[in-house]
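Please read the structure below before turning to the comments.
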Amino acid sequence: MKDNIAAEPFEIKDYIRLEQMPHFLCPGCGHGIALRALLWAMHDLGIDKDKLAVVSGIGCSGRLSAYIDANTFHTTHGRPLAYATGLALARPDLHVVVITGDGDCLAIGGNHLIHACRRNLNMTCLMLNNEIYGMTGGQVSPTTSSDRYTTTTPAGNTEPVFDACALAAAAGASFVGREVTMQVNSLKDLTARALEHDGFSFLEVISDCTEIYGRKNDLGASPEMMLSQKSSMRPFAYRNTVDVPFRPNALKTGVLCQVERAEYGAAYREMTAGLRKKSEAE
Amino acid sequence: MSQRQNLQGNHACALGAIRAGCRFFAGYPITPSSEVAESMAAELPKVGGTFIQMEDEIASMGAVIGASMGGVKAMTATSGPGFSLKQENLGYACGAEIPCVIVNVMRGGPSTGMPTRPAQGDIMQARWGTHGDHAIIVLAPASVSEAYSETIRAVNLSESLRVPVIVLLDEVIGHLVETVDLEAIPGDADTVRAFATGPREGFEPYAVTEDMVPPMPRPGDGYRAHTTGLTHAPSGFPTQDPALAEAALTRTTDKLVLHRDKIESWRVRDCDDADLLIVAIGISARAAQQAVKELRAKGVKAGLFRPVTLWPFPEEALRDVVAKSGARAVLVPEMNQGQLVLEVERLLTDRCDVHALNRIDGEAITPDEIATRVQEILA
């Protein structure tokens, strides 16, 4: 998937739409770090931005596509993977990246996630997990930690929490990874590996929502939140990828799953080419 | 050489789409439209196209829009409950002006209703199913050959005007098998969407052009444009500026008014001297056609006005036909509780009496029922 290897040092202004600045993210929001890591990884891999298609859903994460100097599609809530599936099948020459959030990807869009994992079409899905519906005012999401306060869990969250990576791996994703925004270099390298992967790659980025989630739960400012996220992770050093369906106390980071499996687009094109050859011979 | 064959309405939709250059189909199984998907799964690979059965109705609509945003002509097909599920993404295609064709084979409703029985209950949903004001085209074939030719026209209108087009069949037309010669049906496969050309500098993806159809930036062509379902400025980026917001929505609706001659299509039969005009679509129009024939044989001056383009309704055409014939009454037979009749009443207020004939029991309206009602009205 490398178009050319970058010789120049990474400059973020080469990859964002400066005219769209200032961005609308809150001070302290981790999403900007994830965006920077994506663009940096793209630069390192030498991906041509004319050939990059970024498809996003709805929510704070959904707004990031507008800031990227590429072919960008801000779609409907929960559906970016469905749009991206059509785009990637119709245009296998494009690098397709989906940017989504925990609510967008795991709640309203959950069905599309598991089937995208199963299908293994060539694209990268970046799920920015800030444990909250930030844009709509801080409602509980499928990844909100236990007992946390949100505007729809005024007495604390009593619902169990999804482990998105366990879900993606169980559904057949051929590349699954997780990183926190505190570890910028590791996040960039992991994103690059996901982009390079031939097939469906899923990346969970642990992001922080300081203004809404942090404030409501007295989690401190952004640095405190990021440090606490980092300390609740452990770099992955074990062979097993999925131990329990719900989130344990210490989450693994790094590449959690990587398997060689037929990429769906190529498999489909091979099948149809065979059919055409057969019908021509007849 | 004649290529006459027996063909089903649903299959005709698939073949028409391929003839018009459709190369992507995403769908989900649902009665009574599944044959469209089955036909596409078999035929698209032969022409280098892509078929995918998605995980649900919502995803199939999303995938179709995604493929079309990539520059490929794309279609889906569904029925009743599936059409309801597609509405949000259909609205995205309306707002962002993404060409796509949706075949909706109507069945009894509401909800799961009567999946294998015919109905015409989605006439208003086809026009107003997604939220907010929006422009959309709905075509209503009344035969297998028309299912073919109107699907070709649907692809072409959608591509040339950047608007979603619904092909609205009822279950009878969808499952009807008729003998057709597809080679003899004219169909233009050359309609190419206007893609952006020229320098990227200063390019605006939603600029106001003379024909009100902005050329579409294709990924990979160097424009690196932004597409969103949010109300957008000519730049493609979201805006809440009142003047820009109003202009954006107005252009998409004015676009269809500007191109009305190209969009509107209707058929008339025995209208010139008619005392009573029947206005009907789909299988109800087929029954009406037979009723008119039988009534004329008895000396009753009945005529048929059949909108092939259902939305935007060919309103001037209907008013002209009514004025020229001097008809004193209009009858609207339809398989619902009265949807098309509302539009006809709106158009003919103070011009003539408008009567309804409705059936909602899962059976098609018969020519006898229509003929009897016509004679009652004229008595």
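Order of the sequence lines sets the chain letters (A, B, ...), proteins ahead of strands, with each chain counted from 1. Only a predicted model underlies this, so the values are computations on that prediction, with no experimental measurement involved.
- A 4.5 Å side-chain heavy-atom check between A:Asp50 and B:Arg224 finds at least one atom pair inside the cut-off.
- With chain B as partner, the option from A:His112, A:Glu19, A:Arg269, A:Met271 having the largest number of non-hydrogen pairs under 4.5 angstrom is A:His112.
- The closest donor-acceptor contact from the side chain of A:Arg276 to the backbone of B:Pro45 lies under 3.5 Å.
- Your options are A:Ala90, A:Ser279, A:Ala66, and the one with the most heavy-atom pairs under 4.5 Å with chain B is A:Ala66.
- Smallest separation of non-hydrogen atoms from A:Leu94 and B:Gly220: CD2-N, 4.4 Å.
- Counting heavy atoms from C-beta on, the side chains of A:Arg91 and B:Arg218 come closer than 4.5 Å.
- Residue B:Phe24 comes nearest to A:Leu89 through the heavy atom pair CE1-CB, 3.9 Å, listed as atom of the first residue, atom of the second, then distance.
- Between A:Asp69 and B:Arg200 there is a salt bridge, since at least one side-chain N of the basic residue sits less than 4.0 Å from a carboxylate O of the acidic one.
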### Task
Evaluate the criterion side-chain contact (heavy atoms from CB on, under 4.5 Å) for residue pair B:Thr227 and A:His74; output intermediate values, then yes/no.
CA-CA 6 Å; B:Thr227 304; A:His74 179 214; over 6 Å; no

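- In B:Glu246, the CD atom is not crowded: 12 or fewer heavy atoms of neighbouring residues, nucleotides or ligands sit closer than 6.0 Å.
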Worksheet entry | Residues A:Tyr264, B:Ile52; criterion side-chain contact (heavy atoms from CB on, under 4.5 Å); working and verdict | CA-CA 11 Å; A:Tyr264 181 68; B:Ile52 185 165; 4.3 Å; yes

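- Between the side chain of B:Tyr223 and the backbone N or O of A:Asn71, no donor-acceptor pair lies under 3.5 Å.
- In this structure, B:Ile65 CD1 and A:Thr76 OG1 are separated by 7.0 Å, a value rounded to the nearest 0.5 Å.
- Residues A:Ser65 and B:His226 come closest through the heavy atom pair OG-CE1, 3.5 Å.
- Proximity to chain B involves both the backbone and the side chain of A:Phe73, based on heavy atoms less than 4.5 angstrom apart.
- Looking at A:Gln20, the atoms closer than 4.5 Å to chain B (heavy atoms on both sides) all sit in the side chain, from C-beta outward.
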**Study point:** Test log, rule salt bridge (charged side-chain N to carboxylate O under 4.0 Å, His left out), inputs B:Glu55 and A:Arg118
**Key:** CA-CA 11 Å; B:Glu55 55 271 19; A:Arg118 172 180 67 86; 5.4 Å; no

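- Considering only heavy atoms from C-beta on, A:Val55 stays 4.5 Å or farther from B:Met69 through its side chain.
- Chain A forms the most heavy-atom pairs under 4.5 Å with one residue out of B:Gly222, B:Gly229, B:Ser235, and that residue is B:Gly222.
- Heavy atoms of A:Ala84 lying under 4.5 Å from chain B are absent altogether.
- The candidate with the highest count of non-hydrogen atom pairs below 4.5 Å against chain A, out of B:Gly62, B:Gly48, B:Gly49, B:Gly70, is B:Gly62.
- Rounded to the nearest 0.5 Å, atoms NZ (A:Lys278) and NZ (B:Lys46) are 10.5 Å apart.
- Of the two parts of B:Ala26, neither the backbone nor the side chain holds a non-hydrogen atom closer than 4.5 Å to a non-hydrogen atom of chain A.
- Residues A:Tyr83 and B:Asn89 bring a donor and an acceptor atom of their side chains to less than 3.5 Å of each other.
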One pair to check against side-chain contact (heavy atoms from CB on, under 4.5 Å): B:Phe237 and A:Arg17. What are the steps and the verdict?
CA-CA 11 Å; B:Phe237 292 98; A:Arg17 292 168 171 147; 3.5 Å; yes

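- Ranking B:Val47, B:Leu230, B:Leu44, B:Asp221 against chain A, the residue ahead of the rest is B:Leu230, based on heavy-atom pairs under 4.5 Å.
- Rounding to the nearest 0.5 Å gives a distance of 7.0 Å between OG1 of B:Thr228 and CZ of A:Arg63.
- Looking at B:Val72, only its side chain comes within 4.5 Å of chain A, counting heavy atoms on both sides.
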